[in-house]
Amino acid sequence: MDDVHMPVPFEEGGRAVAEEGIVLLDGPDGIAISMTADAAEQTGSSLIEAAREAREQTSRG
């Protein structure tokens with residue numbers, strides 16, 4: 001098996017703001033991205049669904 005290093009997940013969330021019609025997301029460790037409103041909405045929905053799945057996975061332990 002290859003020696004693959006999984007990154008340690010962040011335990012703090014990012015902060016999103018809207019500025020001049022663009023959504024800016026500042027995350028932990030200096031992560032920063034800008035998105036259209038549609039892209040931000042799609043990303044938010046995807047994150048919520050993934051968080052639900054991750055919780056279910058850890059509760060099945």
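What you are looking at is a predicted structure, and each value in this text was computed from that prediction instead of being measured.
Proximity of a side-chain donor or acceptor of Ser59 to a complementary backbone N or O of Glu56 within less than 3.5 Å is detected. Judged by distance alone, the side chain of Ser46 and the main-chain N or O of Gln42 form no donor-acceptor pair under 3.5 Å.
Apart from Phe10 itself, the hydrophobic cluster it occupies contains Ile31, where clustering links Ile, Leu, Val, Met, Phe, Trp and Tyr at side-chain heavy-atom distances under 4.5 Å. Under a 4.5 Å side-chain heavy-atom criterion applied to ILVMFWY residues, the cluster that includes Ile22 comprises Val17, Leu24 as well.
Residues satisfying the side chain to side chain contact (heavy atoms under 4.5 Å, CB included) test with Ala16, not counting sequence neighbours, are Val23, Leu25. For Arg55, there are no salt bridge (charged side-chain N to carboxylate O under 4.0 Å, His left out) partners, not counting sequence neighbours. In terms of the side chain to side chain contact (heavy atoms under 4.5 Å, CB included) criterion, residue partners of Ala39 (sequence neighbours excluded) are, by chain and number, Met35, Thr36. By the salt bridge (charged side-chain N to carboxylate O under 4.0 Å, His left out) test, Glu49 pairs with Arg52, sequence neighbours left out.
To the nearest 0.5 Å, atoms CD (Glu53) and OG1 (Thr58) are separated by 12.0 Å.
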